[in-house]
Amino acid sequence: MPNSRPRWTRSSGTTRAERSIAGNTAGPGEILRAMTQPIRVRMAPSPTGDLHVGNARTALCNYLMARRLGGAFILRVEDTDAQRSDASHEEGIYEGLRWLGLDWDEGPNVGGPFGPYRQSERQDIHGEAVQQLLATERAYYDYTTAEERAAEREQQRAEGQPQRYSGMGRNFTAAEIAERKAAGVVPAVRFRADPKPVRFDDIVLGTIRAGPDEVDDFVIARGDGSALYNMAVVVDDEHMRISHVVRGKDHVSNTFRQVLLYEALGWTPPAFAHLPLVVNRRRQKFSSRDGAQWVGEYRTQGYLPEALVNFLIFLGWAPGDEREIFSLEELVREFRLERVNRADAVFDPQRLDHFNGVWIRRLDLDDLAKRAWTYASAGGLELRPDQRGYFRSALELEYERLSHLNRTAELMDFFFDDDLVPDMRQVRYRRHSAAETARALELVAGLVDATEPFDDPTLEARMRALASDLGWKAGDLFMPTRIAVTGRKATPPLFATMEVLGRQRCRERLQRALAGLAKLATA
RNA sequence: GGGGCAUUCGUCUAGCGGCCUAGGACACCGCCCUCUCAAGGCGGAGAUCGCGGGUUCGAAUCCCGCAUGCCCUACCA
């Protein structure tokens, strides 16, 4: 095993100032290390659900580091808990990552030189390491029973003592062990954690220390021989030559144990970077009751992956100047772990919406049309393949009104409803009665027939002239016309809309509006 | 109970001992633009930088204490 791993060094100081200085000057050093040791980062989700937004952010940070430094981004599925893991979730995770635009270099579905990439398929490798610890007496078989441990915990709690495993299983005599075996006790393997302080340097958090009694004799392998999380992670990260472990802050306490395992196995730990958590308004771990939890939900809700990426990266990171719109590519160039904050960040859906709007307006029309078409069909709009051009023209008008892609159908349905019957009761007949309005719309209908060319500027000129002839304010004529032609009060600019709708649709809708108005007038 | 970490407008953040009577963005309010709705432009309100000590000529920035919050404390990951 190589005994020097690439890493970003950081002074032991933990102030933002020191971190930043380290960050700003880390460039050349990083590159140097990148040339001598490959940068390899990983994302290690448990398949207990689809891609969670918190995991998505972790994946993003790993991806950005890998791409910026020319390293490898590895996906490892941590499915050692058979109870909770479900293979069907694996595909959901892949889909989420792909949708976000995060591609990986090694993983269960793509293979790679350090496979297998599913933890459940690595049991033998973990087992060897467990045996090594057993052989060097850094671990032991623990024949205590669950009842004994529960009793110990209960007593500790009652006495207000720290709840820690005392290591009572260390010193059974051969006779006691035989007795327990006979009684059917299946031993777990515990790490022999001798009292000593533990510390590690974290790229985000600085130096982290724990006192000598913090880590107890934790279990590294179950009675059935399978390795537990901390053991499996260490073995896999080592065997996969992971250079930087970038993960959520909720793993800090685990890191103490893992550092001890690296040491006991004679391995050099990777560099660590613990990201602040994404939390809800009450500042607790973000979950489903706080909004959509899975990345896939954001997709169906009409968010752009660009927007989610942009939003997520700003949870705990900022470039240091006042820019805040970043594409994935730009982030690859700009993102630095050293600039990541340590405080947890509240997930603010309104801010996500803002980014979504910004990114929708940034897309070029063809791209937007392609994406919106799918949502529009899913949203119930009946679109014929030959209507792509028409759809595009209509969408062009709705551009800055489209906040979420899944609202495409509701925003644009009036363009496609050939049986549209405008509800003229929406008009406020304050200045002009229904009868007067009907007379005016007759003239509009005539104008629609006669206007040539049937386009935005010409229509506007003719309509303004008509309003003036009538002695009406322009708006008083435009609103009934808008409702007649679109069926709604809020639309894109009227004459551009009419141009896109075309003469025929306008004519038909005006006639139906007039029919409706006639009923209104008699009623 | 123990340990670890954190704390700047409601929210995301800038801040690296004097450029800070704390900057930007979201949300909110107002005005402008305007045929409606948006988008856009301009402006407003909003943070005694969690609290208390200290160091310093000078502290949001450094140190100590306290409070609060979060995470971990499984034969889960």
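Residue numbers begin at 1 in each chain, while the letters A, B, ... track the order of the sequences.
Between the CD atom of Glu152(A) and the C1' atom of U73(B) there is a distance of 14 Å, given to the nearest Å. When the P atom of U36(B) is taken as reference, atom CD of Glu460(A) falls 11 Å away, rounded to whole Å. Leu315(A) has its CG atom 10 Å from the C1' atom of U11(B), to the nearest Å. Taking atom CD1 on Ile483(A) and atom C1' on C35(B), their separation rounds to 12 Å, with Å as the unit. Between the CG atom of Asp321(A) and the P atom of A25(B) there is a distance of 13 Å, rounded to whole Å.
Toward the 5′ end of RNA chain B lies the nearest nucleotide of Lys489(A), the other residue of the pair Asp142(A) and Lys489(A) mapping further downstream. Residues Tyr229(A) and Pro319(A) each lie close to RNA chain B; by heavy-atom proximity, the contact nearer the 5' end of the strand is made by Pro319(A).
Across all strands shown, Lys473(A) has no heavy atoms under 4.0 Å from either base or sugar-phosphate atoms. In this structure, Val189(A) reaches neither bases nor backbone, as no heavy-atom distance under 4.0 Å exists between it and the strands shown. If you check every strand for non-hydrogen atoms under 4.0 Å, Pro493(A) touches a base. Note on His251(A): a base of the nucleic acid sits closer than 4.0 angstrom, heavy atoms only. Among the protein residues, Arg361(A) comes within range of the sugar-phosphate backbone only, with heavy atoms under 4.0 Å from sugar or phosphate atoms but none that close to a base. Within the 4.0 angstrom heavy-atom criterion, only backbone atoms of the sugar-phosphate kind lie near Ala345(A); the bases stay farther away. Backbone-only contact: Arg164(A) has heavy atoms under 4.0 Å from sugar-phosphate atoms and none from a base. Using a 4.0 Å heavy-atom cutoff across all strands shown, Leu277(A) reaches sugar-phosphate atoms only and no base atom. As judged by a 4.0 angstrom heavy-atom cut-off over every strand, Gly223(A) is placed among the base-contacting residues. Within 4.0 Å of Leu228(A), counting heavy atoms only, lie sugar-phosphate atoms of the nucleic acid but no base atom. Asn254(A) comes within contact range of at least one nucleobase, with a heavy-atom separation under 4.0 Å. Across all strands shown, Pro276(A) has no heavy atoms under 4.0 Å from either base or sugar-phosphate atoms.
In this structure, the side chains of Val444(A) and Pro480(A) stay at 4.5 Å or more apart for every pair of heavy atoms.
For Ala343(A), the side-chain atoms get nearest to U7(B) when compared with the rest of A25(B), A39(B), U7(B). Between G23(B), G4(B), U36(B), one nucleotide has an atom nearer to the side chain of Met479(A) than all others, and that is U36(B). Of the listed nucleotides (C35(B), U11(B), C72(B)), C72(B) has the atom at the smallest distance from the side chain of Ser253(A). The side chain of Ala490(A) has C37(B) as its nearest neighbour among C37(B), A77(B), A6(B). Listed candidates were U36(B), A77(B), C35(B). Nearest to the side chain of Gln119(A) is A77(B). Which of C35(B), G3(B), A14(B) sits closest to the side chain of Phe478(A) comes down to C35(B). Set against G4(B), G24(B), C72(B), the side chain of Lys285(A) has C72(B) as its closest nucleotide. Among A25(B), U11(B), A39(B), the nucleotide with an atom closest to any side-chain atom of Arg351(A) is A25(B). Listed candidates were C70(B), U36(B), C75(B). Nearest to the side chain of Asp344(A) is C70(B). The side chain of His354(A) approaches A25(B) more closely than any other nucleotide in the set G1(B), A25(B), C5(B).
A donor atom on one side chain and an acceptor atom on the other are not found under 3.5 Å apart for Thr486(A) and Arg482(A). Side chains of Asn55(A) and Thr58(A): no donor on one and acceptor on the other come within 3.5 Å. A donor-acceptor contact closer than 3.5 angstrom is absent between the side chains of Tyr117(A) and Asp236(A). In summary, the side chains of Tyr262(A) and Gln258(A) do not present any donor paired with an acceptor at a separation below 3.5 Å, with no hydrogens or angles considered. Between the side chains of Glu78(A) and Gln119(A), at least one donor N or O sits under 3.5 Å from an acceptor N or O. One side chain, Glu152(A) or Ser166(A), offers a donor N or O that lies under 3.5 Å from an acceptor on the other.
Between Thr80(A) and A77(B) there is a side-chain N or O to OP1 or OP2 distance below 4.0 Å. The side chain of Gln284(A) contributes an N or O atom lying less than 4.0 Å from OP1 or OP2 of C70(B). In this model, the phosphate group of U7(B) is not approached by any side-chain N or O of Asn341(A) to a distance below 4.0 Å at OP1 or OP2. OP1 or OP2 of G15(B) has at least one side-chain nitrogen or oxygen of Arg339(A) nearer than 4.0 Å. OP1 or OP2 of A77(B) lies within a sub-4.0 Å distance of a side-chain N or O belonging to Arg222(A). For the pair Arg190(A) and C75(B), the criterion of a side-chain N or O lying under 4.0 Å from OP1 or OP2 is met. Checking the phosphate oxygens (OP1, OP2) of A39(B), no side-chain nitrogen or oxygen of Arg401(A) falls inside 4.0 Å. Not one side-chain nitrogen or oxygen of Arg283(A) sits closer than 4.0 Å to the OP1 or OP2 atom of G69(B).
In this structure, Arg190(A) fails the cation-pi test against Phe218(A), since its NZ or CZ atom is not both closer than 6.0 Å to the six-membered ring centre and inside 45 degrees of the ring normal.
Using C1' as the reference atom, G43(B) and A6(B) are 36 Å apart when rounded to the nearest Å. Spacing between U48(B) and G3(B) at atom C1', rounded to whole Å, works out to 34 Å. If you take atom C1' in C28(B) and the same atom in C20(B), they sit 25 Å apart, rounded to whole Å. Taking atom P on both A74(B) and C12(B), the two are 31 Å apart, rounded to the nearest angstrom.
Across all strands shown, U68(B) pairs with A6(B); the Watson-Crick or G-U wobble distances both stay below 3.5 Å.
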